[in-house]
**Q** 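Take a look at this one; I'll ask things after.
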Amino acid sequence: TETSAIPDGALVLVSYEYAVASTNAGLNLTVTENVSIDVGGAILADGRGYAVTWGPGRGGLSGTALGGGGGGYGGAGGLSSSNIIGGVVYGLFNQPTALGSPGGFGYVGFGGAGGGAIRIVAGGTVTLNGTISANGMSATNARSGGGSGGSIWITASTLTGSGTITANGGAGELPHGGGGGGGRIALECDACSLSGPLSACGGAGAQAGGAGTVFKNITAQNGLLLVDNGGRPGANTTLSITNGIDLLIQAQARVTPSSSWTIGNLTLSSNGFVAASTNVQVTLTAVGDVTIQAGSSLAADVTGYSGGTGP
């Protein structure tokens with residue numbers, strides 16, 4: 001299409017079916033000129049992720065009263081109150097196309113569904129004063145886990161407006177279900193003046209889901225990856241970074257390197273944490289500055305060889 005407009009009060013409810021439950025699907029919108037989403041307008045893919053028994057980050061299952069873990073995607077799913085595991089991290093922060101994964105079963109039914117996938121490519125300006133969301137669904141069945149957030153990937157010449165973009169995880173069925181991990185958001189443009197909130201936080205739960213990722217890639221600037229859990233302590237977010245982008249971790253996000261990092265600037269803002277994995281040796285190389293603010297930490301405590309082992 002050439003120009004697409006979603007006026008005040010209009011909603012685009014993303015709905016799709018796929019041949020088998022493990023196949024990726026989503027909304028793919030290509031516009032040669034401009035996209036405009038007015039105040040009150042929205043593109044919504046909430047709960048349109050993988051089917052309830054599928055997904056690479058599906059939360060741990062339990063057929064007893066023990067409860068289900070949260071679904072994982074950009075961040076890991078949270079543990080249930082009885083330590084049923086949450087789902088794992090998967091996908092790419094810079095090109096997010098995957099669907100979100102569901103939370104684990106409770107003893108009476110399914111967990112919350114994961115968020116769907118939204119891909120927008122515009123040759124001109126995307127003006128967002130409304131909402132774009134791919135949130136995971138909160139669990140409603142007793143002791144089940146929340147679904148993870150999904151994917152939102154926008155490419156445009158210019159991105160502007162004061163609207164909201166969210167790919168948050170859903171809450172586990174409290175107090176026992178694990179929270180869904182945050183999803184992934186990526187914005188690519190030549191110029192960006194978007195002033196509204198961008199959020200890919202984990203959902204509440206017996207343990208909250210881990211923070212998802214928000215990536216901005218603006219022409220002639222170094223890419224910036226934000227990992228922010230909205231002030232809610234939760235599960236970890238595993239990351240692999242080798243392309244020299246800047247990394248900002250804050251607001252109770254807890255990041256674990258899955259391999260050695262090569263980054264530009266590293267900033268651990270207040271309550272931002274990096275923690276090494278047990279028996280995994282990694283090197284963090286920053287070509288710019290490393291800033292560790294008060295209340296944050298970079299730690300490798302109790303991650304060496306276990307008792308009775310080691311050279």
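Predicted model, so just to flag it, every value in this text is computed and none were measured. Heads up: numbering here begins at 1 and tracks the sequence.
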**Q** Would you please test V108 and R143 for side chain to side chain contact (heavy atoms under 4.5 Å, CB included) and show each step?
**A** CA-CA 8 Å; V108 296; R143 297 175 175 262; over 6 Å; no
**Q** Can you pull out every side chain to side chain donor-acceptor pair (under 3.5 Å) where at least one residue sits in residues 108-117? Sequence neighbours excluded, please.
**A**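 Pairs touching residues 108-117 that pass the test: none.
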**Q** Can you run down the side chain to side chain donor-acceptor pair (under 3.5 Å) pairs that involve residues 280-294, sequence neighbours left out, and say none if there aren't any?
**A**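 Of all non-adjacent pairs touching residues 280-294, those that pass side chain to side chain donor-acceptor pair (under 3.5 Å) are S269-Q293.
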**Q** Within the 4.5 Å heavy-atom criterion, are T267 and I292 side-chain neighbours or not?
**A**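 Counting from C-beta outward, T267 and I292 never come under 4.5 Å.
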**Q** Tell me whether D46 contacts the main-chain N or O of N135 through its side chain, where contact means a donor paired with an acceptor under 3.5 Å.
**A**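 Indeed, once roles are kept as given, a pair shorter than 3.5 Å links the two residues.
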**Q** Among L128, N129, T127, whose side chain to side chain contact (heavy atoms under 4.5 Å, CB included) with S162 holds?
**A**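 That would be N129.
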**Q** Any side-chain heavy atom of P257 within less than 4.5 Å of one from L284?
**A**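 They are in side-chain contact.
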**Q** Where do A134 and S151 come nearest, in terms of heavy atoms and distance?
**A**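 Heavy atoms of A134 and S151 come nearest at CB-O, 3.9 Å.
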**Q** What is the distance from atom CD1 of I132 to atom CD1 of I43, rounded to the nearest 0.5 Å?
**A**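 Rounded to the nearest 0.5 Å, the CD1-CD1 separation comes to 5.0 Å.
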**Q** Looking at T256, is its backbone amide N or carbonyl O close enough to the side chain of T238 to form a donor-acceptor pair, meaning the two atoms are under 3.5 Å apart?
**A**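 No.
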**Q** Can you name the side-chain contact (heavy atoms from CB on, under 4.5 Å) partners of A276, sequence neighbours left out?
**A**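 For A276 the side-chain contact (heavy atoms from CB on, under 4.5 Å) partners, ignoring immediate neighbours, are A300, T303.
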**Q** Identify whether L92 and V88 are in the same connected component of the hydrophobic contact network (ILVMFWY, side-chain heavy atoms under 4.5 Å).
**A**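 No, separate clusters.
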**Q** Applying a strict under-4.5 Å side-chain criterion to I, L, V, M, F, W and Y, I'd like to know whether I37 and I152 cluster together.
**A**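 Looking at the clustering, I152 is in the same group as I37.
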**Q** Can you pull out every ring-ring contact (aromatic ring centres under 6.0 Å, His included) where at least one residue sits in residues 126-162? Sequence neighbours excluded, please.
**A**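 Qualifying pairs, neighbours excluded: none.
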**Q** Applying side chain to side chain contact (heavy atoms under 4.5 Å, CB included), run through I249 and T237 and close with a yes or a no.
**A** CA-CA 11 Å; I249 302 170; T237 301; over 6 Å; no
**Q** Going by distance alone, is a donor N or O of one side chain under 3.5 Å from an acceptor N or O of the other, for T155 and R119?
**A**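 Distance-only check passes for T155 and R119.
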**Q** So which heavy atom on S148 is nearest to which on G71, and how close?
**A**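 In this case the closest contact between S148 and G71 is CB-O, 3.4 Å.
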**Q** Where is the tightest heavy-atom contact between A167 and G150, given as atom of each residue plus distance?
**A**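 The answer is CB-O, 3.6 Å.
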**Q** Under 3.5 Å, is there a donor-acceptor pair between the side chain of T262 and the main chain of T242?
**A**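 Answer holds: no.
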**Q** When the ring planes of Y90 and Y73 are compared, do they come out parallel, tilted or perpendicular, using 30° and 60° as the limits?
**A**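 Y90 vs Y73 ring planes: tilted.
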**Q** For residues P175 and S81, report the shortest heavy-atom separation together with the two atoms involved.
**A**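 It is O-CB, 4.2 Å.
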**Q** Do you know the tightest heavy-atom contact between S101 and G57?
**A**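 Heavy atoms only, the tightest pair is OG-N, 3.0 Å.
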**Q** Please tell me whether I85 and F105 are part of a single hydrophobic cluster in this structure, the criterion being side-chain heavy atoms less than 4.5 Å apart.
**A**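 Result: no, two separate clusters.
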**Q** Would you please test R58 and T53 for side chain to side chain contact (heavy atoms under 4.5 Å, CB included) and show each step?
**A** CA-CA 7 Å; R58 182 182 65 179; T53 57; 4.2 Å; yes
**Q** To check you understand the geometry: which heavy-atom pair defines the closest contact between S157 and G123, and what is its length?
**A**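 Scanning both residues completely, I find the closest heavy atoms to be CB-O, 3.6 Å.
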**Q** Listed by chain and number, what are the side-chain contact (heavy atoms from CB on, under 4.5 Å) partners of P233, not counting sequence neighbours?
**A**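 P233 satisfies side-chain contact (heavy atoms from CB on, under 4.5 Å) with Q252, R254 only.
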**Q** Verify, without hydrogens or angle tests, whether T166 (side chain) and N168 (backbone) share a donor-acceptor contact under 3.5 angstrom.
**A**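 No, because the side chain of T166 does not come within donor-acceptor range (under 3.5 Å) of the backbone of N168.
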**Q** What ring-ring contact (aromatic ring centres under 6.0 Å, His included) pairs are there with at least one residue in residues 206-251, not counting sequence neighbours?
**A**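 Residue pairs with at least one partner in residues 206-251: F93-F215.
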**Q** Do the non-hydrogen side-chain atoms of I245 and L224 ever get within less than 4.5 Å of each other?
**A**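 No - every pair of side-chain heavy atoms lies 4.5 Å or more apart.
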**Q** Report all side-chain donor-acceptor pairs from residues 201-208 shorter than 3.5 Å, counting only partners two or more places apart or in another chain.
**A**
| unit_1 | atom_1 | unit_2 | atom_2 | d |
| --- | --- | --- | --- | --- |
| Q207 | OE1 | L79 | N | 2.9 |

**Q** Can you list the steps and then say if S259 with S240 is a side chain to side chain donor-acceptor pair (under 3.5 Å)?
**A** CA-CA 6 Å; S259 61; S240 176; 3.0 Å; yes
**Q** Side chains of Y107 and S144: is there a donor and an acceptor less than 3.5 Å apart?
**A**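 No, S144 and Y107 have no side-chain donor paired with an acceptor closer than 3.5 Å.
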**Q** Test: ring-ring contact (aromatic ring centres under 6.0 Å, His included). Region: residues 240-272. Which pairs qualify, not counting sequence neighbours?
**A**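 ring-ring contact (aromatic ring centres under 6.0 Å, His included) check on residues 240-272 returns no pairs.
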**Q** Can you name the residues that form a side-chain hydrogen bond (donor to acceptor under 3.5 Å, both in side chains) with S195, not counting sequence neighbours?
**A**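 With neighbours one apart ignored, the set is empty.
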**Q** Give a yes or no answer on whether the side chain of N34 reaches the backbone of T125 with a donor-acceptor pair at less than 3.5 Å.
**A**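 Side chain of N34 to backbone of T125, a donor-acceptor pair under 3.5 Å: yes, one is there.
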**Q** Please list all pairs passing the ring-ring contact (aromatic ring centres under 6.0 Å, His included) test where one or both residues lie in residues 179-212, with sequence neighbours left out.
**A**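 Not a single pair qualifies under ring-ring contact (aromatic ring centres under 6.0 Å, His included).
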**Q** For the backbone of G209 and the side chain of N229, can you confirm whether one donor and one acceptor N or O come within less than 3.5 Å of each other?
**A**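 Yes, N229 side chain to G209 backbone: donor-acceptor pair under 3.5 Å.
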**Q** For S36 and D38, what are the C-alpha separation, side-chain angles and deciding distance, and is it a side chain to side chain contact (heavy atoms under 4.5 Å, CB included)?
**A** CA-CA 6 Å; S36 178; D38 292 345; 3.3 Å; yes
**Q** Is S296 reaching over with its side chain to a backbone N or O of S270, donor-acceptor style, under 3.5 angstrom?
**A**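 No; zero donor-acceptor contacts below 3.5 Å.
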**Q** Holding to side-chain contact (heavy atoms from CB on, under 4.5 Å), I want the full list of residues that pass it with C192, two or more places apart in sequence or in another chain.
**A**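 So C192 forms a side-chain contact (heavy atoms from CB on, under 4.5 Å) with L159, C189, L194, I218.
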**Q** Atom CD1 in I120, atom CG in L29: separation rounded to 0.5 Å?
**A**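 Answer for the CD1-CG pair, I120 versus L29, is 5.5 Å.
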**Q** Is there a donor-acceptor contact under 3.5 Å from the side chain of D228 to the main chain of S199?
**A**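 Pair absent, no side-chain N/O of D228 close to backbone of S199.
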**Q** Please answer whether the main-chain N or O of N265 pairs with a side-chain N or O of D246 as donor and acceptor at a distance below 3.5 Å.
**A**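 A pair under 3.5 Å: yes.
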**Q** Among the clusters formed by ILVMFWY side chains lying less than 4.5 Å apart, do L44 and M137 turn up in the same one?
**A**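 Not linked; separate clusters.
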**Q** To the nearest 0.5 Å, what is the distance between OG on S258 and CD1 on I241?
**A**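 Interatomic distance, S258 OG to I241 CD1, rounded to 0.5 Å: 9.0 Å.
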**Q** Taking C-beta and beyond as the side chain, do V89 and R184 meet within less than 4.5 Å on heavy atoms?
**A**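 Side-chain contact under 4.5 Å: yes.
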**Q** Give a yes or no answer on whether the side chain of N141 reaches the backbone of F110 with a donor-acceptor pair at less than 3.5 Å.
**A**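 Between the backbone of F110 and the side chain of N141 there is a qualifying donor-acceptor contact (under 3.5 Å).
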**Q** Between L198 and I118, is there a shared hydrophobic cluster once you connect ILVMFWY residues whose side-chain heavy atoms come closer than 4.5 Å?
**A**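 Linked, L198 and I118 end up in one cluster.
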**Q** Does any non-hydrogen side-chain atom of L247 lie less than 4.5 Å from one of L239?
**A**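 With C-beta onward as the side chain, the pair touches.
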**Q** So, using ring-ring contact (aromatic ring centres under 6.0 Å, His included) as the criterion, who are the partners of F273 when residues are at least two apart?
**A**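 By the ring-ring contact (aromatic ring centres under 6.0 Å, His included) rule, F273 matches no residue at all.
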